[in-house]
Structures are given as C-alpha cells and as structure tokens.
Amino acid sequence: MRNAHSKLFTPGPTEVRPEILQAMAAPQIYHRSPEFRELYAEIQPKLQKFLYTQQPVLLFASSSTGAMEAAVQNCVGKKCLNLVNGAFSMRWHEITAACGIPCETLEVPWNLAIKPQMVETKLRSGEFDAVTLVHNETSTGLMNPLPQIAEVVRKFPDVLLLVDSVSGMGGVKVEFDALGLDVCLAGVQKAFALPAGLAVCAVSERAIKRAEGIKPRTYYFSFPVMMKSHKKNETPATPSIPHMFALNVQLDAMFAEGLDHRFARHAEMAALTQAWAKQHFAMYPEEGYWSNTVTCISNTRSISVEDLNKTLVRDHGLRISNGYGDLKGKTFRIGHMGDHTVTDVRGLLATMDAILGL
Ligand SMILES: *Cc1c(COP(=O)(O)O)cnc(C)c1O
C-alpha cells in the first residue's frame with residue numbers, strides 16, 4: 001500500500017508538494033564548504049523576515065521535540081512555569097521535568113485557552129524565570145492568545161517566554177520581535193509543509209545571555225555552542241542539508257504567495273472547516289480560540305472515526321486524523337495547513353459529506 005499515496009489532511013506531517021521533494025533530492029554538498037555557508041547565509045534572512053525578527057533563527061537536525069528540550073535546557077535558571085492545556089504543552093512539562101529542571105504547571109481543562117490573567121497571577125510569586133507556552137495546541141485545535149500572554153509576561157523583565165508554534169508558524173503570523181518572545185520554535189512538517197526532521201528556532205539576545213550564564217545541560221542543543229557556528233554560517237554538527245535545500249525553496253514560495261495571503265488562506269480554510277464542524281458536529285475547543293491550521297471536532301454523532309478514515313484512504317486517497325491520546329474516538333482532527341488550498345478543503349468536506357450521508 002506504500003505507493004498508493006493519500007493526501008495528508010493530518011495535523012502534521014502534512015502534504016508535501018512534489019517540487020519540495022525534488023529539492024531534497026539535489027546532490028549533497030559538504031557542510032564545511034563555501035557552498036554550504038552560502039546556503040546557510042541565504043536561508044537566514046528569509047527565516048528572519050518570515051518571523052518578523054532581527055534575531056538569529058537556529059536550525060536543529062531534529063523534530064520539534066528536540067527544540068522544545070533545547071529551549072528549557074538553555075533558558076531556565078530558577079524555575080519554569082509550564083502552561084498546560086493539551087498533549088503537547090503537557091509534553092513540554094514532562095521534558096522540563098525529565099531534564100531535572102525545577103518546574104510547575106499551570107493547567108486548565110484541555111478545551112479551554114490559557115488566559116493572560118492566570119499567567120500574571122502565577123508570575124507574581126516571583127518564583128519563575130521562564131514560561132513555556134504552546135501557541136497552537138495541535139491535540140485540541142486550540143490557539144492560545146499569544147499576543148496577550150506575551151504582553152503579560154513582558155511585565156516581568158526576568159522571565160523568558162518560550163513558545164512552541166510548531167503547528168502555528170507558517171499558517172499564522174508570529175511577530176517574534178514585536179511580541180518580545182525569547183524562543184519560538186517549530187518543526188517543518190506542519191505549516192511549513194516540508195518532510196519532518198528539521199526544526200527552526202528563533203532565539204532572543206536575552207535567551208542566549210541566559211544560556212551563557214547557567215551551567216550547560218546540553219551540548220548538542222546548546223545555544224552558545226550553536227551561536228558560535230551560526231556566526232560563521234555553519235552548524236556545530238552535520239546538518240540535514242536536504243531539508244535546508246527544501247526550506248530555501250519553500251521560503252521563496254511563501255514570499256511569492258505573500259505572507260499575508262498565506263495567513264488569509266489558512267483563515268479561510270479554517271473558517272470552512274469550522275462551519276462544517278458546527279453544522280454536523282460541534283467544535284471541541286472553546287469559542288474564540290479556534291485554530292487556523294487544525295480543527296478538532298467533537299464526535300457528537302458517535303461515528304467510527306476509524307471507519308471514516310479507512311474509507312477516505314481506500315476510496316478517495318485522503319487522510320484525516322483521529323483525536324489525540326485520550327480524545328481518540330471522542331474527537332477527530334482535520335489539518336488544513338501548509339500548501340493545502342481552499343479548493344482542497346472543500347473537496348475533502350464534500351467527500352466526508354458523501355461518506356457520512358450528511
Ligand atoms: C507536532 C507537535 C510537536 C511535536 O513535534 P515533533 O516534530 O513530532 O517532535 C510539538 N508541539 C506541537 C504543538 C506539535 O503540533
């Protein structure tokens with residue numbers, strides 16, 4: 001069945017265009033050569049433009065989870081506040097704890113957003129010097145109010161704000177400098193629409209200073225070690241060069257589309273999917289915080305999500321996702337991110353209507 005491709009409406013990995021796959025197949029170059037440094041130097045300003053930042057954007061040869069680990073290892077001196085309202089924000093807490101870093105959660109029910117006021121109250125204790133926030137919770141289709149939370153965290157000058165925008169970045173605008181973020185990371189298999197295996201991570205000067213001032217907890221993921229190479233347009237270890245070829249091509253494609261157009265396209269795909277969900281089922285997350293890249297639908301009709309997906313794959317070459325973890329069967333998720341079009345989404349929804357007899 002490996003060659004019968006199903007178009008991925010899963011919330012990561014998502015569908016990758018043939019041009020991108022082609023770019024990855026280019027002959028390899030040596031990573032200590034002028035050609036490589038040229039490639040690195042070409043990608044860097046594009047990533048900065050993409051994240052609305054003057055700060056460095058580091059590249060990790062890992063999936064997003066590696067960069068999540070890097071963020072807490074480099075940026076927590078005293079104690080980390082992990083904001084939790086879903087599976088990935090819970091994972092960030094587990095990562096922090098597994099690294100032996102003092103931490104505490106602020107958890108709300110997973111269908112609810114993290115509200116800025118709760119964060120402010122917690123930070124007033126003065127215990128914390130870093131906060132982790134998952135911008136777009138892929139497990140629940142919920143987008144936390146990043147600008148408002150960032151504004152609150154900025155009232156505490158010693159607290160660094162570490163943001164996972166894995167399934168947000170590339171689908172919604174993230175203005176790293178204007179929001180005053182300290183780390184913002186993403187794996188490229190979500191709204192970047194590249195194959196998995198590379199993470200991008202913007203880091204503020206404050207984040208690098210913090211990392212320089214604490215006892216190193218990591219080598220492979222050390223910001224100071226990476227910054228030394230970054231200044232020479234290199235990475236400390238062998239990078240994933242095929243991914244960098246693809247990223248360079250994809251960033252050009254994003255600018256050719258226009259970032260604002262790209263974000264508007266995501267909003268339109270989301271609105272269509274949300275309207276469908278409300279008409280036939282119900283939305284899982286609290287209203288006002290629905291994600292522009294992934295819709296999580298409450299299975300109010302008690303359909304078999306597994307059977308629906310089997311039919312989609314077998315008869316239509318399309319694939320969606322079941323609910324994540326404990327939400328499996330109770331919810332299902334449609335990813336509408338990356339290079340999918342409004343027409344693609346309309347087609348998927350019409351196909352599901354036909355299968356479900358809606
Ligand atoms: C997918 C995802 C992750 C984990 O990403 P990997 O690339 O599998 O390590 C983390 N956070 C969010 C919000 C995600 O969507």
Side-chain angles (χ1 to χ4, degrees), residues 8-16 58-73 80 82-99 105 107-108 110-111 113-114 131-146 149 161-172 174 181 183-202 218 220-221 240 243 246-247 250 266 270 284-285 289-296 319-325 327-328 331-338 340:
L8 299 179
F9 287 91
T10 45
T14 191
E15 191 64 18
V16 180
L58 302 175
L59 297 176
F60 294 85
S62 78
S63 75
S64 332
T65 305
M68 293 165 83
E69 192 157 316
V72 289
Q73 285 175 328
C80 187
N82 301 123
L83 305 175
V84 176
N85 62 340
F88 291 107
S89 41
M90 183 51 97
R91 180 186 290 186
W92 219 351
H93 173 60
E94 285 164 5
I95 290 170
T96 314
C99 291
T105 59
E107 188 173 1
V108 301
W110 287 15
N111 62 323
I114 305 280
V131 176
T132 63
L133 170 71
V134 171
H135 176 205
N136 190 73
E137 249 302 348
T138 320
S139 60
T140 58
L142 187 149
M143 196 145 61
N144 281 305
L146 172 62
I149 293 171
L161 179 53
L162 319 177
V163 177
D164 160 337
S165 187
V166 174
S167 60
M169 198 190 286
V172 292
V174 180
L181 307 185
V183 167
C184 187
L185 64 96
V188 295
Q189 79 273 27
K190 310 270 168 107
F192 276 88
L194 304 184
L198 178 81
V200 305
C201 182
T218 173
Y220 193 61
F221 288 122
S240 177
H243 275 103
L247 178 63
Q250 185 67 330
H266 280 81
Y284 176 76
Y289 300 94
W290 295 343
S291 164
N292 274 3
T293 56
V294 50
T295 297
C296 182
R319 183 186 287 278
I320 61 166
S321 270
N322 209 322
Y324 192 98
L327 292 171
K328 194 170 171 181
T331 65
F332 58 101
R333 294 170 302 152
I334 299 173
H336 31 76
M337 62 178 82
H340 283 306

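Any value given below was found using the heavy atoms of this structure, including those in side chains, with hydrogens, waters and symmetry copies removed. Whatever order the structure lists ligands and atoms in, that order sets their numbers, starting from 1.
Polar contact check, E137 against ligand 1: no nitrogen or oxygen pair lies under 3.5 Å apart. Remark: ligand 1 and N136 share no N or O pair separated by less than 3.5 Å (distance only, no angle test).
With contacts defined as side-chain heavy-atom distances shorter than 4.5 Å, the pair M337/H266 qualifies. Proximity of V163 to L146: side-chain heavy atoms (C-beta onward) are separated by under 4.5 Å at one or more points. Between V166 and T138, every side-chain heavy-atom pair lies at or beyond the 4.5 Å cut-off. Side chains of V172 and H135 form a contact here, defined as non-hydrogen atoms less than 4.5 Å apart.
Looking at W290, its side chain does come within 3.5 Å of a backbone N or O of P285 through a donor-acceptor pair.
Of the candidates P11, G187, S64, the one placing a heavy atom closest to atom 7 (O) of ligand 1 is S64. The heavy atom nearest to atom 2 (C) of ligand 1, out of those in H135, M169, K190, M68, is found in K190. The heavy atom nearest to atom 6 (P) of ligand 1, considering only A199, S63, A196, is found in S63.
Contact atoms of ligand 1 toward V134: 13 (C) (distance under 4.0 Å to a heavy atom of the residue). Residue contact check: T138 has heavy atoms under 4.0 Å from atoms 12 (C), 13 (C), 14 (C), 15 (O) of ligand 1. Proximity to R91 (heavy-atom distance under 4.0 Å) selects the following atoms of ligand 1: 4 (C). The atoms of ligand 1 that sit less than 4.0 Å from any heavy atom of Q189 are 6 (P), 7 (O), 8 (O).
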Stepwise side-chain hydrogen bond (donor to acceptor under 3.5 Å, both in side chains) check, S63 with Q189 = CA-CA 9 Å; S63 75; Q189 79 273 27; 5.6 Å; no

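Of the listed residues (L83, N82, T132), just one forms a side chain to side chain contact (heavy atoms under 4.5 Å, CB included) with H93, and that residue is N82.
When hydrogens are left out, the protein atom nearest atom 11 (N) of ligand 1 is D164 OD2, 2.6 Å; that is the closest non-hydrogen contact.
Aromatic ring pairs are classed by plane angle as parallel below 30°, tilted from 30° to 60° and perpendicular above 60°; the pair H340 and F9 is parallel.
By the criterion of a heavy-atom distance under 4.0 Å, both the backbone and the side chain of T65 are placed next to ligand 1.
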